[in-house]
2 protein chains.
Amino acid sequence: MNTKPKSISKNLVYRVPIYLTISRRLVDEGAKYITAPQISDITGINVETVKKDLSQICKTPGNPKLGREATTMVEEILEFGVYTKLTNAILIGVGHLGRALLNYSGFAEWGLHIAAGFDRDPKIIGTKIDGKPIYEMDDLSRIIKETDAEIAIITVPKEYAQQLVDFAIAAGVKAIWNFAPTHINVPDDVILQNENMASSLSLLNYNLKASKRKRKVAKKR
Amino acid sequence: MNTKPKSISKNLVYRVPIYLTISRRLVDEGAKYITAPQISDITGINVETVKKDLSQICKTPGNPKLGREATTMVEEILEFGVYTKLTNAILIGVGHLGRALLNYSGFAEWGLHIAAGFDRDPKIIGTKIDGKPIYEMDDLSRIIKETDAEIAIITVPKEYAQQLVDFAIAAGVKAIWNFAPTHINVPDDVILQNENMASSLSLLNYNLKASKRKRKVAKKR
DNA sequence: TAGATTGTTAATCGATTAACAATC
DNA sequence: TAGATTGTTAATCGATTAACAATC
């Protein structure tokens with residue numbers, strides 16, 4: 001009775017932040033109602049997809065002809081994405097990327113709070129970055145427990161990634177957000193999200209080369 | 001006659017860097033042959049998917065029982081992904097993230113070379129980051145032409161993204177790698193790749209919350 | 001040979017897109 | 001009312017997975 005009968009697809013969850021960003025912008029611009037065709041125009045996402053997504057995301061039914069009440073829609077997207085409840089995370093590896101993530105102020109908007117960073121460089125241990133304390137690796141287990149951190153953000157060189165992930169999981173972390181360019185094994189009950197820049201760069205490059213080939217062919221004709 | 005009859009799926013291209021990383025590692029570890037089941041075990045990707053992918057990626061047929069000759073496989077993946085030919089890029093917005101990307105040494109491996117950075121902060125204009133010069137925005141068009149940059153990496157606050165993308169495209173850029181958390185419009189012949197951290201974070205968080213719910217239900221029983 | 005793997009065709013699955021009735 | 005949009009069911013599309021013959 002309690003479980004939702006409709007299955008939520010991965011791609012839908014992926015699109016939720018897009019819908020939230022757009023709806024917020026439209027509310028800021030004074031919109032009272034927001035329609036699926038409107039979002040489709042802005043994002044390029046097929047209008048049928050948007051309609052279906054919104055009907056799954058929002059509890060309040062939409063208004064034929066008018067669309068959905070804008071502020072209600074924003075609230076319901078927030079609720080669906082569980083963005084209002086902050087989850088604590090710790091970040092392992094304060095290199096260039098780790099530093100950038102520690103300094104990024106936008107995560108709170110998506111329900112993430114980075115509580116602390118970890119590194120093995122004595123020069124930065126004990127300092128703070130954007131107010132977040134940097135600890136030595138030996139403190140990992142203790143701080144994870146103290147902060148109740150559920151997510152570990154991995155921004156270390158690939159050689160160290162697996163070992164540190166294992167430590168973090170042993171200390172109670174329930175999800176891994178992996179920025180290290182390597183494969184990582186986690187137990188079944190731990191969520192693993194890979195942020196693979198190589199993959200998206202690769203896709204970009206491939207499409208670029210493909211479109212270049214096409215352009216050449218077009219010129220020849 | 002010249003065009004490939006088999007269509008290459010987006011997801012396959014996305015997996016190519018994974019195959020490359022793994023095969024390189026196996027070669028380093030002394031492997032003479034690499035098999036699909038082996039890669040499947042390491043990555044968790046379904047073995048049928050790996051088999052099919054590899055047969056599309058590699059020209060040389062595999063060896064029943066033995067697998068594929070390891071070094072040949074690495075070469076053919078490199079060739080498929082066009083990783084050996086460097087493409088020039090410029091990076092717009094030298095904030096924390098922009099700085100991290102400028103400092104990242106791994107891009108060369110995937111065929112990307114960042115030739116220059118752009119920012120409006122006079123304090124960093126004229127300096128170099130990891131050897132890459134930082135210019136003012138007014139130099140955008142000139143430098144894009146001089147370096148023959150085909151890719152613009154966008155790491156500016158969302159308010160400025162669209163405008164700068166338009167400039168870059170006007171100057172001849174053929175692809176946009178967008179890290180700004182906003183939607184961007186590009187002409188049909190320009191490749192757009194969004195790096196949406198909010199989306200993957202959102203998916204991570206959603207899965208985390210879902211697994212937590214599941215755990216609670218399991219406990220109750 | 002037996003066994004493992006390749007390569008390819010067929011079946012399944014899931015997501016997107018199309019179609020259409022309901023309704024303000 | 002006419003027109004635009006919602007919500008939902010059906011059709012299509014594409015990717016994954018399964019099945020199986022070929023082969024070293």
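Below, read A as the first sequence line, B as the second, and so on, with proteins coming before strands; counting in each chain starts at 1.
- Dashed line: the shortest gap from a side-chain N or O of B:Ser55 to OP1 or OP2 of C:dG7 is not under 4.0 Å.
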TODO: List the steps, then state whether side-chain hydrogen bond (donor to acceptor under 3.5 Å, both in side chains) holds for B:Asn194 with B:Asn178.
DONE: CA-CA 5 Å; B:Asn194 286 300; B:Asn178 176 40; 2.9 Å; yes
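- What separates CD1 of A:Ile34 from C1' of D:dT6 is a distance of 15 Å, to the nearest Å.
- Among C:dG7, D:dT16, C:dA18, the nucleotide with an atom closest to any side-chain atom of B:Thr49 is D:dT16.
- A 3.5 Å limit on both hydrogen-bonding distances identifies D:dG3 as the Watson-Crick or G-U partner of C:dC24.
- Residue-to-nucleotide proximity on DNA chain C shows that, of B:Lys65 and B:Val47, the 5′-proximal contact is made by B:Lys65.
- Between A:Asp53 atom CG and D:dT5 atom P the separation is 18 Å, expressed in whole Å.
- Taking 4.0 Å as the cut-off between side-chain N and carboxylate O, A:Lys52 and A:Glu48 do not count as a salt-bridged pair.
- Atom NZ of B:Lys212 has more than 12 heavy atoms from other residues, nucleotides or ligands within 6.0 Å.
- Rounded to an integer number of Å, the gap from CD1 of A:Ile39 to P of D:dT5 is 12 Å.
- The separation between A:Lys59 atom NZ and D:dG7 atom P is 15 Å, rounded to whole Å.
- Relative to the side chain of A:Pro37, the nucleotides D:dT16, D:dC20, D:dT5 differ in distance, and D:dT5 lies closest.
- Both A:Gly62 and B:Lys52 lie close to DNA chain D; mapped to their nearest nucleotides by heavy-atom distance, the more 5′-ward contact belongs to A:Gly62.
- Across all strands shown, D:dT9 forms a Watson-Crick or G-U wobble pair with C:dA18, both key distances being under 3.5 Å.
- When distances are taken from the side chain of A:Pro64 to each of C:dT6, D:dT6, C:dG7, the shortest belongs to D:dT6.
- When the side-chain nitrogen and oxygen atoms of B:Arg68 are compared with OP1 and OP2 of C:dG7, one or more of them lie within a distance under 4.0 Å.
- Atom-to-atom, CD1 of B:Ile57 to C1' of C:dG7 comes out at 15 Å; the value is rounded to the nearest Å.
- A salt bridge does not link A:Glu76 with A:Arg68: none of the charged nitrogens is closer than 4.0 Å to a carboxylate oxygen.
- Taking atom CD on B:Glu48 and atom P on C:dT9, their separation rounds to 15 Å, with Å as the unit.
- The phosphate of C:dA4 has neither OP1 nor OP2 within less than 4.0 Å of any side-chain N or O from B:Asn63.
- At a cut-off of 3.5 Å, with distance as the only test, no side-chain donor of B:Glu150 or B:Thr87 sits close to an acceptor on the other residue.
- Going from atom NZ of B:Lys51 over to atom C1' of D:dA18 covers 9 Å, rounded to whole Å.
- The side chain of B:Thr35 approaches C:dT5 more closely than any other nucleotide in the set C:dC24, C:dT5, C:dA18.
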Task: B:Tyr33 and B:Asn63: CA distance, side-chain angles, deciding distance, side-chain hydrogen bond (donor to acceptor under 3.5 Å, both in side chains) verdict - done: CA-CA 9 Å; B:Tyr33 286 86; B:Asn63 202 325; 4.5 Å; no
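- Here the side chain of A:Asn11 is nearest to one of D:dT6, C:dA15, C:dA19, namely C:dA15.
- Between B:Arg15 and D:dA15 there is no side-chain polar atom (N or O) within less than 4.0 angstrom of OP1 or OP2.
- One can place CG of A:Leu66 at 17 Å from P of D:dG3, the figure rounded to the nearest angstrom.
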